[in-house]
Structures are given as structure tokens and as C-alpha cells.
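Throughout, protein chains are lettered first and strands after them, A, B, ... in sequence-line order, and every chain is numbered starting at 1.
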Amino acid sequence: MTVTQREIWAGRILLSLLMAFTILPFISIFLTALHPSGTVPDGLAWPEQPQWGNFVEAFRVAHMPTLLRSSTLIVLAVVPLALTIATMAGYAIGHLRIPGARVLLILFVFGLTLPLPGIIVPIYVLERAIGIYNTRLAIVLPLIALYMPFAVFWMRAHFVSMPMELSEAARVDGANAWQLFWRIHVPLARAPLTSLGILLSIWTWNQFLLALVLVEDPNRRTMAGALGAFQGHYATDIPLLCAGTILILLPTLILFIIFQRHIIVALLQGAIKG
Amino acid sequence: MPSMMASNDSPPVLVASRQSVHQGQARREALVGWLFALPALLVYGVFVLLPLMLTIIYSFFDWDGIGPMTWVGLDNYVTVFQVPDLLGTIINAFWLVVWFSLIPVTLGLVTANVMYRVALGRFGTLARTLLFLPQVIPLVAAGIIWGWLLSRSGLINEMLAALGLGAFTRAWLADFDTALPAVGVIGVWVLLGFCAVLLLTGMTKIDQALYEAARIDGAGWFRELMTITVPLLRYEIGVCLTVTVIAALAAFDIVYVATGGGPGNATAVPGIQIYILAFTQREIGLASALAVMLMVLVVVVILPIQRLSQER
């Protein structure tokens with residue numbers, strides 16, 4: 001490939017501009033967060049006296065420990081359960097090839113394009129009726145269900161490619177259906193399970209609409225849901241709002257920096273397979 | 001049937017029982033297989049398929065969510081088409097497709113091409129990571145951050161003033177003319193890096209010989225892009241379009257946080273309007289009719305994209 005010197009510099013300038021477009025918003029809210037609480041500062045100015053205390057204040061008024069605990073609880077409930085039942089279903093459809101597998105797959109795939117605002121109202125009515133409204137379960141159960149189309153599809157793609165001889169050999173050795181699944185096939189599915197787990201964790205952490213509609217108490221919501229409530233309370237105190245937003249973003253940002261390669265690969269694979 | 005071949009030298013009774021043993025085992029295996037699929041199907045049925053059916057049913061009723069339901073036939077659908085504010089949400093959704101989908105995919109294609117040609121080293125890794133960053137933060141955070149940047153005293157106006165364009169400054173999200181494009185810019189910010197990185201991974205799979213042949217024929221970079229890269233990236237472009245079009249049509253988080261649908265109804269999209277109708281105006285029937293239309297709309301727009309991108 002021949003690339004001229006001029007082209008290299010033009011390309012680097014374009015990329016630098018795009019990187020600035022991406023990163024400036026983060027810098028702007030960081031600088032804003034350092035200004036005295038209650039003022040309306042300029043967008044990109046280093047404060048005369050940086051108010052690091054804003055972060056302490058935001059940590060306190062946003063109930064950060066409670067929020068972290070709530071979000072973590074929801075992720076810990078949603079992700080393992082969703083992974084387990086999606087893997088079982090993907091195995092049944094892709095490897096066991098149960099009668100009716102095609103219809104079942106179509107039924108799940110049909111849900112891939114379903115927009116959440118389309119079904120949020122009956123979910124609300126339903127949860128009021130069965131009495132789980134305003135509990136964490138109100139977010140957990142629909143979220144697991146909403147992940148099924150993608151997760152089953154994803155795991156099926158893995159199990160379809162597993163050789164039948166593997167199962168036959170294990171059966172000859174006397175493994176029953178559950179042992180075959182749990183001892184032989186699940187350990188071999190570690191790579192797709194890891195990617196799927198990363199995806200579901202990010203999506204759960206960032207889920208907003210379910211939290212907004214189904215849980216009134218911000219302390220029982222996901223991180224994104226709590227952030228929405230925080231904005232509702234402190235919309236006028238811009239430095240404090242920016243400090244709170246940064247605190248709520250921090251866990252995601254740290255995890256992204258550590259696992260960036262995994263996360264990018266997982267999100268891209270997720271898009272391509274979905 | 002192999003068992004018929006074997007029946008020559010074995011008593012018929014034994015064959016029959018062997019067959020039934022075989023059938024019984026197959027039935028048992030099918031049953032166990034279905035038990036594996038059952039939990040996923042159950043939760044999916046209760047919290048996705050059932051609500052889907054309920055949405056369709058509600059859309060034929062007038063209901064405040066508490067009192068009795070009154071059958072109104074297609075009245076709710078007629079209302080959506082007749083009330084400009086309701087139909088306007090669907091028009092706004094299509095404008096968002098331009099911002100959330102067409103611009104990120106086009107710009108992403110150019111960006112990916114640039115990254116592919118000039119930035120494969122450490123600079124390229126940095127660019128990829130940074131551009132991808134908005135994809136992992138909650139959309140609510142994107143809405144809050146940009147809500148501040150686009151406000152009257154925010155960064156955007158400050159930069160305009162610094163460039164001597166002070167006359168153009170305004171509260172971008174509160175102005176009837178600029179609110180929807182301003183929301184669109186937030187979408188570009190979130191989705192550009194995702195499209196660029198996804199398209200870049202596709203580009204690395206293209207055979208270099210094709211470009212060399214094109215160079216010999218005297219093709220410039222633009223013709224190379226249009227005659228080689230775009231056709232060969234058809235599948236990846238289809239994926240980008242699918243993901244971003246759904247993000248646009250089903251948009252909720254960003255709009256809710258940045259404008260709440262305002263000013264007036266300037267940025268109201270179906271997701272927002274469904275929320276307002278159902279949870280503040282208690283018009284469950286009308287909200288459901290709009291929800292059904294939104295779901296049909298997504299399928300109608302996505303199917304041709306899928307068709308085009310999967311053709312080989």
C-alpha cells in the first residue's frame with residue numbers, strides 16, 4: 001500500500017480532531033466539577049481554587065455506596081442467571097437439535113429487533129399485578145427475558161459448531177444428559193460465555209428505562225437509573241451534577257481501561273452476530 | 001430402515017420391541033432437550049411475548065390503567081394519525097435516523113479508511129480506544145454531559161464565541177430550530193466510534209491485491225472506497241445500519257435526559273411519547289397504539305437493510 005506523506009498528515013489531523021470531539025466533553029465536565037458548587041462556570045476553564053470537595057459532596061448526596069451495591073446486586077442476579085438459561089436453551093437448539101428447534105429459534109430471533117419502549121407499558125401493568133413493582137426483581141426478571149433473543153442466538157451459534165462425536169463419546173462413557181452438558185459442553189464454551197457475560201454486564205449496568213419505570217426508589221436501581229434520578233435532583237447545581245456524573249461513570253471507565261480489548265471485541269462480535 | 005434388513009434372521013416380535021425401545025428413547029431425549037430450553041422460553045414468554053400481546057390488545061381499548069377498559073376498535077390508531085403531535089414523533093424518529101445512523105455510518109466509513117491507511121501503530125490503538133469510549137458509558141450520562149455542553153454557558157457556545165461566531169450562540173437544546181439536530185449530535189458522538197471500529201475490522205479482511213489492481217488502473221482513494229471497500233463491506237455496513245437505526249427509532253435515554261421531548265414537541269420521539277402518554281397522561285390505549293406502530297416501523301425499516309447486506 002502506498003501512502004503519501006501528505007496523506008499521512010491529513011489523516012492524523014482528521015483523527016486528532018475526532019479524538020478531541022470524543023474526549024473534550026469528558027474534560028469539560030471534569031473542569032466544571034472543580035468549580036464552586038452552585039456557580040455556572042465557563043466550559044473549559046481551570047478554576048482559581050479547585051473544589052475537590054465537590055466529589056466528596058457528590059459521593060455523599062448521591063449515596064454512592066448504596067448505588068454501587070444496588071447496581072452490583074442487579075448485575076449479579078441478572079448475568080449468571082441469563083447466562084445459564086440462555087446456554088441451556090442454545091445447547092438444546094444448536095446441539096441437541098430438539099424437535100421444533102427451528103420454530104423455537106425463530107421465536108427467539110424475532111425478539112432481536114423488539115424496541116423496549118414498545119412493551120414497557122404491559123411490563124409495568126404485569127409487575128403491579130404480581131406484586132414485584134418497586135423491587136430489584138422488577139428490573140432483574142424483564143432484563144433476563146429481554147436478553148434471551150440475543151443470548152440464545154449467541155450461544156446457539158457456538159453449539160452448532162460443536163462436533164456430535166464429542167457427545168457420543170461422552171455418552172458411551174456413561175454421562176447422562178446433565179453431566180454431558182455441564183461437565184463437557186459448558187467448559188468448552190468458556191470463550192463465548194465470557195464475551196456474552198461482559199456484554200450483559202455493561203448493558204445491565206447502563207439500563208435506564210426499566211429502572212425509571214419500574215423502581216421509584218433510586219437506591220434500588222441500576223447505575224444509569226440512579227444517575228437519572230440524581231440529575232432530577234441536582235439539575236441546577238451544575239458543578240455538583242458534573243461531579244456526581246463523573247463518580248457514577250468512574251467504575252465503568254476503570255473497567256473499560258482495564259478490559260478494553262475484551263470489551264471492544266465483545267461489543268463488535270455482539271453486533272455482528274446479532 | 002436398517003432394522004428391516006436385520007429382520008431376516010431375527011423373530012419379528014423382537015424387531016417390534018427394538019423399534020419401540022428406540023422410539024421411546026428418542027421421545028425421552030426430546031423431552032430432556034425441551035427441559036433444557038424451558039427456563040429461557042418461560043421467562044421470555046412471560047416478560048416479552050406476553051407483554052407484546054398485551055400491547056396489541058391494549059391498543060384497541062380506551063383505558064386509564066385502573067378503571068374499566070372500553071373497546072374502541074381502531075380509534076387509537078386513527079388518533080395517532082390525526083393528532084400532529086403524535087404523528088410528529090414518528091417524523092422526528094426518521095430525522096434521528098439521519099443523525100444516529102446515516103452520519104455515523106458515513107463518517108465512520110471515512111474514519112475507518114483513514115485509520116486503516118495511516119494509523120496502524122500505537123496512534124491507531126489510541127484512536128480506536130478513545131473513539132470507542134462513548135459506547136460503554138450509559139446513554140443517560142451522554143445526555144447529561146451534552147446537556148451541559150450545549151447549554152447557554154456551555155463549551156459549544158464558548159468555542160463559537162472564541163472563533164468570533166458569538167452571534168450564533170444559543171441554548172441549543174431549548175431552541176425549536178436546533179433542539180433535534182443538537183440531540184442528533186449526541187447520537188453521532190455515541191455511535192461514531194462504534195461504527196468506525198466495526199468497519200475497520202471488516203476492512204482488514206479485504207484482499208490488498210484488489211487495491212493494487214485499482215491503483216494500476218489509476219483509481220483515486222474515493223473511487224477505491226466506492227468500488228472496492230463499500231461493496232466488500234456490505235455485511236459490516238448492514239450491521240452498523242441495523243444497530244444504529246434501531247438506536248434512532250427506539251431512542252429514549254438520551255432524549256429523556258437532554259430535552260424530555262421539548263421544547264414543545266420538537267424532540268419528542270415515539271419512545272418518549274409512549275412514556276408520557278402511559279405514565280403521566282394515563283392514556284394506556286393510545287400509548288399502546290403508538291407502541292405497536294413503533295414496533296412495526298422498526299421491522300419494516302430493518303428487513304430491507306438485512307436483505308441487502310446479506311446478499312452475496
Side-chain angles (χ1 to χ4, degrees), chain A residues 1 3 7-8 11-12 14-15 18-19 22-23 25 28-29 40 42-44 85-86 88-89 91-93 96 98-99 104 111 113-115 117-119 121-123 126 141-142 144-146 148 152 177 202 206 208-209 223-224 227-228 231 238 245 249 252 256 260 263-264 267-268 271-272, chain B residues 30 32-34 36-37 39-40 43-44 47-48 51-52 54-55 111 114-115 117-119 127 129-138 140-141 144-146 148-149 153-155 158 193 197-198 201 208 211 239 243 246 250 252-253 257 270-271 274 278 284 287-288 291 294-295 298-299 302:
Chain A
M1 189 162 56
V3 184
E7 197 183 336
I8 290 181
R12 290 209 173 138
L14 177 77
L15 287 182
L18 287 173
M19 284 181 347
T22 308
I23 205 75
S28 179
I29 63 161
V40 181
D42 288 337
L44 265 189
I85 66 176
M88 286 166 63
Y91 174 71
I93 295 172
L96 298 178
I98 54 174
L104 202 57
T113 59
L114 209 64
I119 56 170
V121 178
I123 291 179
L126 207 64
L141 290 177
I144 293 175
L146 285 162
M148 281 308 113
V152 170
I202 297 175
N206 291 347
F208 178 61
L209 181 55
M223 225 40 164
L227 184 55
Q231 190 221 18
I238 305 239
T245 305
L249 279 183
T252 323
F256 178 66
Q260 46 160 310
I263 292 175
I264 293 179
L267 278 164
L268 291 181
I272 288 176
Chain B
V32 172
W34 269 93
F36 271 94
V43 70
Y44 179 60
F47 286 97
V48 173
L52 177 65
L54 287 174
T55 299
T111 312
V114 169
M115 285 203 269
R117 296 179 64 83
V118 305
T129 308
L130 266 186
L131 291 183
F132 206 82
L133 187 58
Q135 184 65 29
V136 295
I137 67 166
V140 183
I144 292 178
I145 294 170
W146 280 90
W148 159 230
L149 294 180
S153 52
L155 180 65
E158 201 183 324
V197 178
L198 197 149
T201 53
Q208 278 303 311
Y211 289 108
V239 171
V243 170
I246 293 179
F252 181 85
D253 302 11
V257 172
I274 291 166
I284 306 283
S288 300
L294 170 64
M295 292 189 285
V298 170
V299 173
I302 293 303

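Using modelled atom types, one side-chain atom of B:Trp34 and one backbone atom of A:Pro99 make a donor-acceptor pair closer than 3.5 Å.
Of the two parts of B:Ile246, only the side chain, counted from C-beta on, holds a non-hydrogen atom closer than 4.5 Å to a non-hydrogen atom of chain A. Only the side chain of A:Ile238 has a heavy atom closer than 4.5 Å to any heavy atom of chain B. In this structure, the portions of B:Ile137 lying under 4.5 Å from any heavy atom of chain A include both its backbone and its side chain. Heavy atoms closer than 4.5 Å to chain A are found in both the backbone and the side chain of B:Val197. When heavy atoms are compared at a cutoff of 4.5 Å, B:Phe252 approaches chain A solely by way of its side chain, counted from C-beta outward. Heavy-atom distances place the side chain of B:Val239, and not its backbone, under 4.5 Å from chain A. Both the backbone and the side chain of A:Leu18 come within contact range of chain B, each with at least one heavy atom under 4.5 Å from a heavy atom of that chain. Both the backbone and the side chain of A:Leu146 come within less than 4.5 Å of a heavy atom in chain B. Both the backbone and the side chain of B:Val48 come within less than 4.5 Å of a heavy atom of chain A. At a 4.5 Å heavy-atom cutoff, the contact between B:Val136 and chain A is made by backbone and side-chain atoms alike. A:Met148 touches chain B through its side chain: at least one heavy atom from C-beta onward sits under 4.5 Å away, while N, CA, C and O do not. Heavy atoms of A:Leu114 lying under 4.5 Å from chain B belong exclusively to its side chain. Both the backbone and the side chain of A:Thr113 have a heavy atom closer than 4.5 Å to some heavy atom of chain B.
Summarising the geometry, atom CZ belonging to A:Phe256 is positioned 6.0 Å from atom OG1 belonging to B:Thr129; distances are rounded to the nearest 0.5 Å. If you take CE on B:Met295 and CG on B:Leu52, they are separated by 5.0 Å, rounding to the nearest 0.5 Å. Atom CG in B:Leu130 sits 7.0 Å away from atom OG1 in A:Thr22 (nearest 0.5 Å). Atom CD1 of A:Ile119 and atom CG of A:Leu126 lie 10.5 Å apart (nearest 0.5 Å).
Contacts with chain B were tallied for A:Ile263, A:Leu14, A:Ile264, A:Thr252; A:Ile264 has the most, counting heavy-atom pairs under 4.5 Å. When each of A:Leu96, A:Ile144, A:Ile202, A:Leu249 is scored by its heavy-atom pairs under 4.5 Å with chain B, the top score falls to A:Leu249. When each of B:Thr201, B:Val257, B:Val299 is scored by its heavy-atom pairs under 4.5 Å with chain A, the top score falls to B:Val257. For the set B:Ile144, B:Ile302, B:Leu294, B:Val32, the entry with the most heavy-atom pairs within less than 4.5 Å of chain A is B:Ile144. Note: A:Leu209 leads A:Ile123, A:Thr245, A:Leu209 in heavy-atom pairs under 4.5 Å with chain B. For the set B:Val298, B:Leu131, B:Ile274, the count of heavy-atom pairs under 4.5 angstrom toward chain A peaks at B:Leu131. Interface summary for chain A: among B:Ala40, B:Ala291, B:Ala287, B:Ala250, the most heavy-atom pairs under 4.5 angstrom belong to B:Ala40. Note: B:Pro51 leads B:Pro134, B:Pro270, B:Pro51, B:Gly271 in heavy-atom pairs under 4.5 Å with chain A.
Across all non-hydrogen atoms, the minimal contact from A:Ile98 to B:Ala37 is CD1-CB, 4.3 Å. Pairing each heavy atom of A:Met19 with each of B:Ala127, the nearest pair is SD-CA, 3.3 Å. The nearest pair of heavy atoms linking B:Phe47 to A:Ala145 is CB-CB, 3.4 Å. In this structure, A:Pro25 and B:Trp146 approach most closely via the heavy-atom pair CG-CZ2, 3.6 Å. Residues B:Phe36 and A:Ala92 share a closest heavy-atom pair of CB-CB, 3.8 Å.
Using a 4.5 Å heavy-atom cutoff, the side chains of B:Pro138 and A:Phe208 are not in contact.
Residues satisfying the side chain to side chain contact (heavy atoms under 4.5 Å, CB included) test with A:Ile93, not counting sequence neighbours, are A:Ala101, A:Leu104, A:Leu105, A:Phe108, A:Val152, A:Arg156. Contacts of B:Phe132 classified as ring-ring contact (aromatic ring centres under 6.0 Å, His included), with partners at least two apart in sequence or in another chain: none.
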